[in-house]
Protein chains: 2
Amino acid sequence: MNSIVSMLRERGIQPTPQRMAVAEFIFGIKSHLSADQVLEQVRSKCPTISRATVYNTLNLLVEKKLLKAQVLKEGTVVFDSNVQQHHHFIDEETGEIYDIPWEALRVTGEKSLRNFRVRELQVILRGKRIKK
Amino acid sequence: MNSIVSMLRERGIQPTPQRMAVAEFIFGIKSHLSADQVLEQVRSKCPTISRATVYNTLNLLVEKKLLKAQVLKEGTVVFDSNVQQHHHFIDEETGEIYDIPWEALRVTGEKSLRNFRVRELQVILRGKRIKK
DNA sequence: TCTATATTTAGACATTGTCAAACATTTTTC
DNA sequence: GAAAAATGTTTGACAATGTCTAAATATAGA
Ligand SMILES: [Mn+2]
Ligand SMILES: [Mn+2]
Ligand SMILES: [Zn+2]
Ligand SMILES: [Zn+2]
């Protein structure tokens, strides 16, 4: 029935009301939000939740590979519900972060970096998003 | 004579003692240091310099294109005296950041991102550096 | 129910970064 | 050249992000 409950249980996470509020919110959006932005939104559903619980829950979801923490903005980590490999474009005027599908770009040459074992990579692009 | 003095003057930066201490230090190293790491080192030459002045000076050097601020670590910007285009490898165990020459990798496909005007890009690789 | 374990919470703390006001220097006026 | 004004620089105080601890609550198992 509730797929988020089973998603959490499969990873051994007890679905408390606070964790459900955070998970339902973060898995229901596509954007890249900071912990405090998540707190602000979740408080409307669950007004008594504490800052520490939001940080704890987000970090737990990252540890269990249901979320990815991305270092894309100055000053704060953002949490990404897209855990597949992909790239990011950052609008330098607005700070908005856009997902770029993995297949849209091709990176070559990393196999010949003899001194580095590469576990993952991504391209970070910066510029201006063109108004449609 | 003093090449850092003229470097600053060429960009219209008054070479105050505090700015000289920061500039001489940051242009004398290659690594990717945070503002507070710079402060700690510069204090040995110039013990009374304030944290705000170090931040101001580093940000001024970024504005004048003598340094580049890079978002590579959680929690802090790092300052890069290598202002040429290049990529970065981050050792996930040590946190150490390594420069990857621009020519070592090739990225293709960004021209076909029709909704984005790309001003710059870099590849960020994570993994383990192999002990030589 | 009773007990052990797990979770939440508020607040203290550490670190990173910004800002308005104090201070210093340069330029203008007389 | 001295005084005043404008401009430039530095700084301590403050804000924002994130972690930690210990006490209170909630949950699960016997
Ligand atoms: Mn974290
Ligand atoms: Mn900055
Ligand atoms: Zn993403
Ligand atoms: Zn670099």
Side-chain angles (χ1 to χ4, degrees), chain A residues 4-5 8-26 32-43 45-64 66-80 95 97, chain B residues 4-5 8-26 32-43 45-64 66-80 95 97:
Chain A
I4 291 191
V5 168
L8 299 187
R9 286 226 168 92
E10 272 169 32
R11 309 284 172 132
I13 302 172
Q14 281 191 33
T16 67
Q18 291 88 345
R19 286 171 175 170
M20 284 300 296
V22 171
E24 280 175 353
F25 173 70
I26 196 82
H32 304 82
L33 296 190
S34 71
D36 280 297
Q37 289 176 309
V38 173
L39 173 63
E40 197 183 343
Q41 295 299 312
V42 167
R43 277 242 162 104
K45 285 269 165 76
C46 182
T48 65
I49 195 170
S50 73
R51 226 160 70 85
T53 294
V54 172
Y55 274 91
N56 288 344
T57 301
L58 291 171
N59 288 334
L60 182 61
L61 294 174
V62 169
E63 193 188 320
K64 300 297 188 184
L66 292 172
L67 276 186
K68 184 130 172 53
Q70 293 276 6
V71 179
L72 296 171
K73 280 185 130 94
E74 291 187 27
T76 182
V77 163
V78 298
F79 293 90
D80 197 341
I97 299 167
Chain B
I4 291 192
V5 168
L8 299 188
R9 286 227 169 92
E10 272 169 32
R11 309 284 172 132
I13 302 172
Q14 283 191 31
T16 67
Q18 292 89 341
R19 286 171 174 170
M20 284 301 295
V22 171
E24 281 175 352
F25 172 70
I26 196 81
H32 303 84
L33 296 189
S34 71
D36 280 295
Q37 289 175 308
V38 173
L39 173 63
E40 197 183 343
Q41 297 298 315
V42 167
R43 278 246 162 102
K45 284 270 166 71
C46 182
T48 65
I49 195 172
S50 75
R51 240 161 61 82
T53 294
V54 172
Y55 274 90
N56 288 344
T57 301
L58 291 171
N59 288 333
L60 182 61
L61 295 174
V62 169
E63 193 188 320
K64 300 300 188 182
L66 293 171
L67 276 185
K68 181 127 172 56
Q70 294 277 6
V71 179
L72 296 171
K73 282 185 131 93
E74 289 189 27
T76 181
V77 164
V78 298
F79 293 90
D80 199 339
I97 298 167

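As a basis for the values below, the full set of heavy atoms in this structure was taken, side chains included, without hydrogen atoms, waters or symmetry mates. Here is how names work: the chains are called A, B, and so on, in the same order as the sequence lines, proteins then strands, and each is numbered from 1.
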Integer-rounded Å distance: D/dT17 P and A/Leu33 CG: 13 Å
Separation of D/dT9 P from B/Glu63 CD (nearest whole Å): 12 Å
Backbone of B/Ile49 reached by a side-chain donor or acceptor of B/Arg43 within 3.5 Å: yes
Length of the line joining A/Asn56:CG and C/dT9:C1', which is rounded to integer Å: 10 Å
Atom-to-atom span, CE of A/Met20 to P of C/dT8 - whole angstrom: 12 Å
Residue mapping more 5' on DNA chain D - nearest nucleotide basis, B/Ile13 or B/Gly75: B/Ile13
Residue pair A/Ala23 / A/Ile4: nearest heavy atoms and the distance that separates them: CB-CG2, 3.8 Å
Proximal nucleotide (of D/dT17, D/dT10, C/dT9) relative to the A/Ala52 side chain: C/dT9
Touch class at under 4.0 angstrom, heavy-atom based, for B/Thr76 against every strand present: sugar-phosphate
Whole-Å gap separating P (D/dA16) and CG (A/Asp36): 10 Å
Length of the line joining A/Glu74:CD and C/dT16:C1', which is rounded to integer Å: 11 Å
Nearest listed nucleotide, side chain of B/Gln18, among C/dT16, D/dT10, C/dT9: D/dT10
Sugar-phosphate, base or nothing in reach of B/Thr48, heavy atoms under 4.0 Å: sugar-phosphate
Atom-pair distance (CD1 on A/Ile49; P on C/dT7), nearest Å: 14 Å
Base of C/dG17 paired with side chain of B/Arg51 (donor-acceptor, under 3.5 Å): yes
Minimum-distance nucleotide (side-chain atoms of A/Ser50 versus D/dT10, D/dG12, C/dT9): C/dT9
Closest to side chain of B/Tyr55, choosing from C/dT16, D/dG18, D/dT9: C/dT16
From OG1 (A/Thr76) to CD (A/Gln70), nearest 0.5 Å: 12.5 Å
B/Gln14 CD - D/dT7 C1' separation (whole Å): 9 Å
Nucleotide of C/dT7, D/dT10, D/dG18 approaching A/Thr16 most closely (side-chain heavy atoms): C/dT7
Among D/dT17, D/dT10, C/dT8, the nucleotide that comes nearest once only the side chain of A/Arg19 is considered: C/dT8
B/Gln37 backbone acceptor or donor facing B/Glu40 side chain under 3.5 Å: no
From B/Val62, B/Leu60, B/Leu61, residue fulfilling side-chain contact (heavy atoms from CB on, under 4.5 Å) relative to B/Lys64: B/Leu60
